[in-house]
J.: 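This is the structure, below, for whatever I ask next.
Atoms within each ligand, like the ligands themselves, are counted from 1 in listed order.
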Amino acid sequence: MTAEQDLYPIWHPYTQMQTEAAPLKVVRARGVKIELADGRELIDCISSWWVNVHGHCRPEIARAIYEQALNLEHVIFAGFTHEPAENLARRLLELLGGDFTRVFYSDNGSTAVEVALKMALQYWHNLGRLSRMAFIGFEGGYHGDTVGAMSLGGSSPFWGSYRSVLFDVDTVPYPWTFEGDERVEQKEEYALSCLREKLEQQAEKFAGLIIEPLVQGAGGMRMVRPRFLQSVQDLCRQYGVLLIYDEVMTGFGRTGDWFALAKSDTAPDIICLSKGIAGGFLPLAVTACNERIYKGFLSEDPAHTLFHGHSFTANPISCAAAVASLQLLAENEDSFRQMEERHRRWFNHWLINAAGLENVRFCGTIAAFDVVSDAATNYFNSLGKVLRRRFLASGLLIRPLGNTIYLMPPYCITDEELSQVYKGIKEVLAETIGAQSLKARVPLLISAPDA
Ligand SMILES: *Cc1c(COP(=O)(O)O)cnc(C)c1O
């Protein structure tokens with residue numbers, strides 16, 4: 001550690017402060033570009049940890065924030081309400097469709113999940129169904145960093161030190177797939193049989209099942225087919241288990257539709273939203289539910305109240321930013337609906353013949369593939385760090401999850417920029433693959449682009 005690093009006062013998230021390089025200082029950002037203090041420019045290929053949707057510093061949202069801040073910056077949300085929160089709730093319910101009728105506000109994804117967890121538990125408790133206290137999750141699931149959310153994502157490799165305070169969650173396999181996967185049906189059937197077995201044996205034990213629908217994010221951008229979600233939904237209905245969608249990452253266009261629930265034509269009982277909700281400007285989160293859950297809390301008995309709230313619940317400035325962001329999304333639906341086709345086109349142009357890639361997969365605005373490695377495909381694969389540094393040196397902000405490289409750009413990325421990104425990956429891989437011991441050249445099975 002240098003003397004300079006010794007004096008640096010900040011402890012950064014998900015960062016080993018002893019070995020990691022000093023953080024890069026950012027001075028401004030526009031569209032997909034992030035400008036550093038030393039004058040360099042990076043293309044933000046991961047939407048600044050998945051929160052940005054339109055590109056940085058969209059003036060429409062900046063203006064909405066300014067105007068709201070001049071009018072009402074914040075007010076207690078117990079016993080009070082305001083227009084930005086009401087407008088946003090109505091708009092969200094329209095967009096979500098299905099049976100959703102109520103919106104509960106909080107301020108980050110982990111918290112949206114904690115609220116879902118408490119809603120599900122207390123719903124059954126209020127009904128006197130005291131046996132329903134456990135949850136089902138999926139292998140590789142990630143639901144946030146607070147204790148309840150860590151428990152629900154119990155199979156994550158991050159939680160070793162905290163294991164003793166996490167509660168047990170029953171997990172079933174997540175049958176993730178990729179282009180040309182010949183075993184996908186088998187994997188889905190196996191996962192469903194594991195789920196069915198748990199439910200047949202002890203349905204009365206489970207309050208809810210939580211899943212990242214269509215794409216597991218932190219677990220490695222692992223994708224399932226919509227039909228799998230439909231089968232999961234059928235089983236939850238059959239056994240009376242509440243279906244909870246964690247769409248903190250997949251919401252707001254990420255999967256190529258407004259929400260994964262729309263793309264998969266499914267209807268969970270509870271949904272968690274955050275990340276892109278306010279366009280990447282401000283923290284905000286929502287846990288929405290259907291009328292059946294909501295009614296389970298209406299009572300003369302004060303003990304049936306949902307005891308949850310945060311200082312900044314439904315912050316008016318965040319809500320105003322979200323309303324402006326949803327308006328922009330509605331005006332630019334093509335930007336997320338057409339991104340998958342563009343990913344495929346540029347992948348095929350630059351990477352189709354690249355050596356050492358496998359498990360190529362796309363879902364809407366997200367593209368991912370694994371670099372073949374002697375070590376296991378997971379977050380701690382050391383390739384990730386090597387690649388990250390080389391990407392930065394080539395002007396690309398990409399943070400591989402171990403040996404999984406993924407792209408999740410803001411929707412405003414142009415064809416020229418996207419082409420530059422894939423070309424940059426090709427060049428970095430050519431350098432890196434020379435230096436790493438790779439198993440083999442893997443022939444790529446990939447369907448021709450649609451256009
Ligand atoms: C990021 C994420 C969370 C946690 O959100 P935070 O705002 O980081 O607390 C929860 N679930 C999923 C699927 C996520 O991707």
J.: Could you tell me whether Arg102 sits above the aromatic face of Tyr294, with NZ or CZ closer than 6.0 angstrom to the six-membered ring centre and within 45 degrees of the axis?
T.: yes
J.: Within a distance under 4.0 Å of any heavy atom of Met249, pick out the atoms of ligand 1 and give their elements.
T.: 15 (O)
J.: Do Asp234 and Ser231 pass the side-chain hydrogen bond (donor to acceptor under 3.5 Å, both in side chains) test, and can you show the C-alpha distance, the side-chain angles, and the key distance before you say yes or no?
T.: CA-CA 5 Å; Asp234 291 346; Ser231 306; 5.3 Å; no
J.: For His143, counting its heavy atoms only, list the atoms of ligand 1 lying under 4.0 Å from any of them.
T.: 10 (C), 11 (N)
J.: Please state whether Lys275 comes within less than 4.0 angstrom of ligand 1, counting heavy atoms only.
T.: yes
J.: Is there a donor-acceptor contact under 3.5 Å linking the side chains of His54 and Ser325?
T.: yes
J.: Have a look at ligand 1 and work out which part of Asn108, if any, has a heavy atom under 4.0 Å from it: side chain, backbone, both or neither.
T.: both
J.: Distance to 0.1 Å, residue and atom name: give those for the protein heavy atom nearest to atom 5 (O) of ligand 1.
T.: Gly109 CA, 3.1 Å
J.: Counting each atom of ligand 1 from 1 as listed, which ones have a heavy atom of Glu212 under 4.0 Å away?
T.: 13 (C)
J.: If you draw a 6.0 Å radius around CZ in Phe307, do more than 12 non-hydrogen atoms from other residues or ligands fall strictly inside?
T.: yes
J.: Is it true that Arg389 and Glu20 have a side-chain N and a carboxylate O under 4.0 angstrom from each other?
T.: no
J.: Looking at CZ of Arg132 and CG of Leu242, how far apart are the two atoms once the value is rounded to the nearest 0.5 Å?
T.: 7.5 Å
J.: Taking 4.0 angstrom as the limit, do Asp257 and Arg337 come out as a salt bridge?
T.: yes
J.: Tell me which protein heavy atom sits closest to atom 9 (O) of ligand 1, plus the residue, atom name and distance to 0.1 Å.
T.: Ser110 OG, 2.5 Å
J.: Say whether Trp50, considering both its backbone and side-chain N or O atoms, lies within less than 3.5 Å of an N or O atom on ligand 1.
T.: no
J.: May I ask you to list the atoms of ligand 1 that are less than 4.0 angstrom from any heavy atom of Gly144?
T.: 4 (C), 10 (C)
J.: So is Asp246 polar-close to ligand 1, meaning N/O to N/O under 3.5 Å?
T.: yes
